[in-house]
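None of these values were measured; they are calculated from a predicted model. Read the numbers this way: they start at 1 and go in the same order the structure lists the ligands and their atoms.
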Amino acid sequence: MTYARFIGIGSYLPEKVLTNKDLEKVMNTSDEWIRERTGIMRRHIAADNETTSSLGLEAAKRAMSNADIEPEDIDLIIVATTTPDQVFPSTACLIQHQLKIKGCAAFDVQAVCSGFVYALDIANRFLQTGGATTALVIGAETLSRILNWEDRSTAVLFGDGAGCVILKASDEPGILSSHSHADGQYADLLQVRSGISAGYNEAKPAEAFIEMNGNAVFKRAVATFDKIARETVADIDGGLGGIDWFIPHQANMRIIKAAARKLEMPMERVIATVDMHANTSSASIPLALDYALQEGKIKQGDILLLAAFGGGFTWGSTLVKY
Ligand code: ACO
């Protein structure tokens, strides 16, 4: 059997840091409210000359250096993003060109906060069926560009960043199972209404930014994390007890803690970076993964459960032997 193994990980955060205290100066909010309701303390914000592709490119370079591979080794590039640089070409093609890679498939995946696990699921299938041998899977976002800075209920929640995992086809276990799901009936709970085809409503400029029914999203997110985690571990020995590290999408510390409680997963085995990064959508899981590796938490052979939930609604998971 062919597995997709993680052979290199890298991430990149823009230099500019915006703390809760900084936000207090520009909107009617407080550090205390943000920390208590979300666990977020700060977030990184892309500079004017940075884009999703420039963030993703830096993360990809770091992951390639970590894996000790060259651009010519890559034969698949998937970028998960909700904030592509432009309508087209895809962000994946822009990064491919910057890396001087030619010919391999390169495309974007749009599944909002679940984008990275969707992208891993797709790459895993490519590698398992012989369609590729070495894949760059990137989650990259400049969510600050779709935030309404006059809406305190959403502006405080998000940040920018990018992470990248390199997958290589191997006989040794890597990804053990992966799942992707969606249910479009909840679109109005979390969305950006404006679009290319739907157009931009000049009378309602706020529709160009993230709108969310926070309470409804919260409840759905907790219930879904529980469902997806149980579905994913159903095939492994020890079930949830066999998981060394739970690495959920980083939306809100209260969602992460509630999901961990439902799964009876002690917080010592949960990776949480939402305090430092806020919600970076499809970049949040690879950013958390890279952080945990740099902190020396994750060891070779550990079993990792990555799980995400986001707009759409979409949800998905990856179970991987590191
Ligand atoms: N600062 C101060 N007060 C605020 C702020 C703010 N930034 N934002 C909202 N408030 C106020 C509200 O106006 C409201 O005031 P009122 O009682 O006078 O009307 C009060 O705080 C409570 O508002 P709620 O929306 O009920 O607050 P809640 O406890 O639900 O927390 C939150 C809001 C943090 C958004 C929560 O619902 C949540 O975390 N939802 C999950 C959403 C999420 O993380 N989405 C990310 C995208 S989806 C994903 O990635 C999974």
Side-chain angles (χ1 to χ4, degrees), residues 18-43 80-83 110-118 139 141 143-144 146-161 163 180-184 186-193 206 209-229 246-260 262 270 272-275 277-288 306-317:
L18 200 60
T19 65
N20 295 347
K21 290 274 179 205
D22 294 328
L23 287 174
E24 280 181 357
K25 292 176 201 149
V26 294
M27 63 181 71
N28 182 15
T29 190
S30 68
D31 174 45
E32 192 188 1
W33 191 96
I34 301 170
R35 269 193 289 117
E36 273 179 13
R37 304 287 177 127
T38 72
I40 297 166
M41 294 165 78
R42 57 185 186 273
R43 70 283 294 141
T81 187
T82 310
T83 48
Q110 160 48 311
V112 203
C113 300
S114 311
F116 187 74
V117 288
Y118 262 62
E141 302 282 6
L143 291 164
S144 58
I146 53 166
L147 284 182
N148 181 351
W149 293 101
E150 287 172 8
D151 175 8
R152 65 178 182 173
S153 69
T154 52
V156 304
L157 303 177
F158 297 91
D160 300 334
S180 301
H181 300 281
D183 185 345
Y186 301 106
D188 59 339
L189 295 180
L190 178 57
Q191 64 182 323
V192 175
R193 285 172 208 266
F209 304 113
I210 294 175
E211 294 173 58
M212 179 175 66
N213 177 336
N215 280 308
V217 172
F218 189 100
K219 286 180 197 140
R220 204 80 214 166
V222 174
T224 305
F225 272 126
D226 185 55
K227 197 166 70 180
I228 187 77
F246 178 42
I247 310 176
H249 164 53
Q250 309 284 315
N252 179 316
M253 199 58 193
R254 280 161 61 215
I255 296 180
I256 294 172
K257 282 190 175 163
K262 273 194 148 197
V270 179
T273 50
V274 67
D275 55 335
H277 304 158
N279 182 346
T280 58
S281 193
S282 63
S284 90
I285 288 180
L287 275 165
L306 321 182
F309 173 82
F313 286 146
T314 55
W315 62 99
S317 65

So is there a nitrogen or oxygen of Thr38 less than 3.5 Å from a nitrogen or oxygen in ligand 1?
no

Identify, by atom number and element, the atoms of ligand 1 in contact range of Ala251, meaning under 4.0 Å from any of its heavy atoms.
44 (O), 49 (C), 50 (O), 51 (C)

So which bit of Leu190 gets within less than 4.0 Å of ligand 1, heavy atoms only: side chain, backbone, both or neither?
side chain

Sub-4.5 Å side-chain heavy-atom contact between Phe209 and Asp151
no

Please list the nearest protein heavy atom to atom 46 (C) of ligand 1 with its residue and the distance rounded to 0.1 Å.
Asn279 ND2, 3.3 Å

My question is simple, although I want it checked carefully: is atom 7 (N) of ligand 1 less than 4.0 angstrom from any protein heavy atom?
yes

In Å, rounded to the nearest 0.5 Å, how long is the span from OG of Ser180 to CD1 of Ile228?
8.0 Å

Atoms in ligand 1 with a heavy atom of Val156 nearer than 4.0 Å
7 (N)

Identity and distance of the protein heavy atom lying nearest atom 1 (N) of ligand 1:
Thr29 OG1, 2.7 Å

Judged on heavy-atom distance to atom 35 (C) of ligand 1, which of Asp31, Asn28, Leu157 sits nearest?
Leu157

Output the distance between atom OG (Ser317) and atom CZ (Phe309), rounded to the nearest 0.5 Å.
14.0 Å

For atom 43 (C) of ligand 1, what's the nearest protein heavy atom and its distance?
Met212 SD, 3.7 Å

Atoms of ligand 1 less than 4.0 Å from Ser153 heavy atoms?
8 (N)

Write out the residue and atom name of the closest protein heavy atom to atom 30 (O) of ligand 1, then the distance separating them to 0.1 Å.
Asn215 OD1, 2.8 Å

Side-chain touch Asp160/Leu143, heavy atoms, less than 4.5 angstrom
yes

Between Lys262 and Val222, is there a side-chain heavy-atom distance shorter than 4.5 Å?
yes

Kindly check if the number of other-residue, nucleotide or ligand heavy atoms within 6.0 Å of CE (Met212) is above 12?
yes

Evaluate the side-chain proximity of Ile210 to Leu147: yes if any heavy-atom separation is below 4.5 Å, no if none is.
yes

In terms of atom number and element, which parts of ligand 1 are under 4.0 angstrom from non-hydrogen atoms of Arg254?
29 (O), 31 (O)

Quick one: CZ on Arg43 to CG on Leu23, what's the gap to the nearest 0.5 Å?
4.5 Å

Taking distance alone, with no angle check, do Arg37 and ligand 1 share an N/O pair under 3.5 Å?
yes

Could you tell me whether the side chain of Gln110 and the main chain of Val112 form a donor-acceptor pair under 3.5 Å?
yes

I'd like to know if Ile255 contacts ligand 1, where contact means a heavy-atom distance under 4.0 Å to any ligand atom.
yes

At under 4.0 Å between heavy atoms, which part of Asn252 makes contact with ligand 1: side chain, backbone, both or neither?
side chain

Nearest non-hydrogen protein atom to atom 50 (O) of ligand 1, with distance, is His249 NE2, 2.8 Å

Any non-hydrogen protein atom less than 4.0 Å away from atom 19 (O) of ligand 1:
no

Between the side chains of Glu141 and Thr280, does any donor sit under 3.5 Å from an acceptor?
no

Using atom types as modelled and distance alone, determine if a side-chain donor or acceptor of Thr38 lies under 3.5 Å from a backbone N or O of Arg35.
no

Between Trp33 and ligand 1, which part of the residue brings a heavy atom under 4.0 Å of the ligand: side chain, backbone, both or neither?
side chain

Any idea which part of Met27 is under 4.0 Å from ligand 1, heavy-atom wise: side chain, backbone, both or neither?
neither

Which pair of non-hydrogen atoms, one from Lys227 and one from Trp315, has the smallest distance, and what is that distance?
NZ-CZ2, 4.2 Å

Mutual orientation of the aromatic rings belonging to Phe313 and Tyr186 [parallel < 30°, tilted 30-60°, perpendicular > 60°]
parallel

Can you list the atoms of ligand 1 that are under 4.0 Å from a heavy atom of Phe309?
49 (C), 50 (O), 51 (C)

Heteroatom distance test (Gly214, ligand 1): nitrogen or oxygen, under 3.5 angstrom
yes

Give me the residue, atom name and distance of the protein heavy atom closest to atom 13 (O) of ligand 1.
Arg152 NH2, 3.0 Å

Sub-4.0 Å protein heavy atom near atom 41 (C) of ligand 1:
yes

Indicate the atoms forming the closest heavy-atom contact of Thr82 with Ser281, along with that distance.
OG1-OG, 4.0 Å

Any protein heavy atom nearer than 4.0 Å to atom 10 (N) of ligand 1
yes

